[in-house]
Amino acid sequence: MLFHSTRGNDSGKDFATVLMQGLADDGGLFMPDHWPQVDLEEIKSKTSFIDVAKCIVPLFTASSFSYAETIKIVEDTWHDFEHSDLVGIQTFDDVSILELFHGPTAAFKDFGLQLAAAFFNEVLESENKTAIVLGATSGDTGPAAIDACKGYKRIKSFIMLPNGNMSEVQRRQMSVIDADNVFALRINGTFDDCQDLVKHAFRQRDFLNPDQYLLAVNSINWTRIVGQICYYFYAFNRLHSKGDLNFSVPTGNFGNVFACYSAHQMGLPINKISVAVNNNDILHRFFSENDYSKQTVQETISPSMDISVASNFERLVYDFFLDRDASECAKLFNQFPVQAIKLDEDVWKRKNELFSSSKVNDEHTQKLIQETYAAHDYVLDPHTAIAMDEALKKSNENMHYIVLSTAHPAKFPKVYEELDINIPSTPKALMGLYDQTEKLHTFDAQYDQIVNFINQNNPEVNV
Ligand SMILES: *Cc1c(COP(=O)(O)O)cnc(C)c1O
């Protein structure tokens with residue numbers, strides 16, 4: 001299985017190349033040349049998350065890794081999870097919560113990033129090279145990327161975070177790491193400023209040592225999606241007796257929803273995918289009004305979903321709406337965001353087969369947290385609460401909904417102080433964050449300052 005770009009001018013790439021490259025040469029996103037099909041009876045027979053993942057990951061890696069190599073990575077990769085089977089499930093009436101926050105950074109991003117980092121390292125080992133990971137984060141990507149890469153000596157991570165709306169827990173997760181190959185860079189600016197700096201760095205590449213890779217950890221990296229596809233099949237393994245699946249997914253960059261859609265294309269019997277967003281509603285405007293247009297970011301109490309555009313959405317447009325017409329896709333996305341995207345009416349209406357969407361503001365998010373707490377003595381994190389809205393409205397005797405719980409509530413303590421709710425337990429992963437000193441390097445949003453810092457901390461060494 002090889003991969004190609006959604007914009008038609010980069011194709012025939014193997015898994016390792018796509019992994020290390022991130023974005024396609026033509027600015028598009030990589031897609032598998034076809035959707036591998038999964039044997040559902042086999043999935044049903046598995047008894048653990050890892051065993052389910054072993055049926056999924058090799059389907060995408062075969063062009064670069066032997067089956068045995070991939071299986072070994074799947075067995076060894078996911079680490080420091082507090083739940084013995086990695087994913088927890090809670091069921092209340094007609095709603096189940098798929099708890100994806102039991103990893104070392106208490107958010108679902110550990111699933112994708114730990115897998116990507118393990119494959120990064122595998123490629124670096126085999127080519128005897130080193131890499132710089134450069135990323136921008138507004139919340140949970142940074143901690144998960146740092147944690148996933150910190151054990152690999154061949155990788156140095158520089159993660160930029162804005163001086164803005166991010167919980168103190170999220171910030172400390174990046175600033176108290178005790179590892180000499182990890183750097184948290186606080187930028188006097190917004191998340192968009194951080195992203196612009198990263199984009200500029202990827203064009204310039206003027207700080208890299210000879211033969212050094214520059215790696216992206218943003219949610220368009222295909223391997224992250226692969227790691228996330230696994231838990232949709234795991235949900236089927238555990239909950240298939242409840243009939244066809246309906247998922248409600250809190251989303252920002254559309255990575256997690258695209259993983260859900262991928263699982264559907266691979267044969268998972270999914271009835272509906274609910275796309276749940278906060279006030280940053282570009283996706284909701286698309287699904288409800290056929291208007292995909294960029295607006296300024298609003299700060300909310302679900303900061304990991306505060307985005308102005310949803311990068312992975314291009315993959316859905318290409319695969320689902322345009323039947324893989326790359327030239328049509330390139331036309332739309334080469335002009336975006338200057339020109340908003342509006343599909344032909346009959347093409348857009350296809351969404352009704354599989355998707356619905358909802359938008360939940362902060363006040364209603366708080367209400368959903370309170371109601372769930374009162375009814376079930378269960379504390380939803382603010383992102384999860386947003387996905388709860390559709391699930392509660394749509395679930396009934398004939399329709400079971402699975403809500404993806406993307407973070408542990410203890411990452412957002414301020415939200416619960418205001419609601420006067422005690423978070424019942426703090427995951428091990430978040431304990432002690434306040435006892436350690438923060439190591440933050442602060443910079444203005446200026447490329448030269450960042451490059452200087454990277455150069456100082458990136459001596460050429462033999463590994
Ligand atoms: C990143 C994140 C999201 C959004 O995920 P996407 O894949 O970008 O849609 C939702 N909730 C939490 C807690 C996150 O960290």
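These numbers come from the heavy atoms of this one structure, side chains and all, not from hydrogens, waters or symmetry mates. As the structure lists them, so they are numbered: ligands from 1, and atoms in each ligand from 1. Just so it is clear, the model here is predicted, and its values are computed rather than measured.
Nearest to atom 4 (C) of ligand 1 among the protein's heavy atoms is Gly252 N, 3.6 Å. Looking only at heavy atoms of the protein, atom 11 (N) of ligand 1 is closest to Thr406 OG1, 2.8 Å. Protein heavy atom in closest approach to atom 8 (O) of ligand 1: Asn253 N, 2.8 Å. Remark: minimum distance from atom 7 (O) of ligand 1 to any protein heavy atom is reached at Asn256 N, 2.9 Å. The single protein non-hydrogen atom nearest to atom 14 (C) of ligand 1 is Lys109 NZ, 2.8 Å, given as residue, atom name and distance.
Although no hydrogens or angles enter the test, the distance criterion places no donor-acceptor pair under 3.5 Å between the side chain of Arg315 and the main chain of Phe258. Asn312 contributes a side-chain N or O that, together with a main-chain N or O of Ser219, makes up a donor-acceptor pair within less than 3.5 Å. Side-chain atoms of Asn271 never come within 3.5 Å of backbone atoms of Leu245 as a donor-acceptor pair (strictly under, hydrogens ignored). With hydrogens and angles ignored, the 3.5 Å screen pairs a side-chain donor or acceptor of Thr6 with a backbone N or O of Leu29.
Listed by number with element, the atoms of ligand 1 under 4.0 angstrom from any heavy atom of Ala407 are 13 (C). Per-residue contacts place Gly255 under 4.0 angstrom from the following atoms of ligand 1 (heavy atoms of the residue considered): 6 (P), 7 (O), 9 (O). Each of the following atoms of ligand 1 lies closer than 4.0 Å to a heavy atom of Asp140: 12 (C), 13 (C), 14 (C), 15 (O). For ligand 1, the atoms sitting less than 4.0 Å from at least one non-hydrogen atom of Thr251 are 9 (O), numbered in the order shown with element in parentheses.
Here's the thing with Met305: none of its N/O atoms is less than 3.5 angstrom from an N/O atom of ligand 1.
Note: Trp78 and Phe111 have tilted aromatic rings, judged against thresholds of 30 and 60 degrees for the angle between ring planes. Using cut-offs of 30° and 60° on the angle between ring planes, the pair His383 and Phe412 is tilted. Classified by interplanar angle (parallel below 30°, tilted 30° to 60°, perpendicular above 60°), the ring pair Phe119/Phe65 is tilted. Taking the six-membered ring for Trp and thresholds of 30 and 60 degrees, His441 and Phe443 have nearly parallel ring planes, at less than 30 degrees apart.
In this structure, Phe108 has a heavy atom closer than 4.0 Å to ligand 1.
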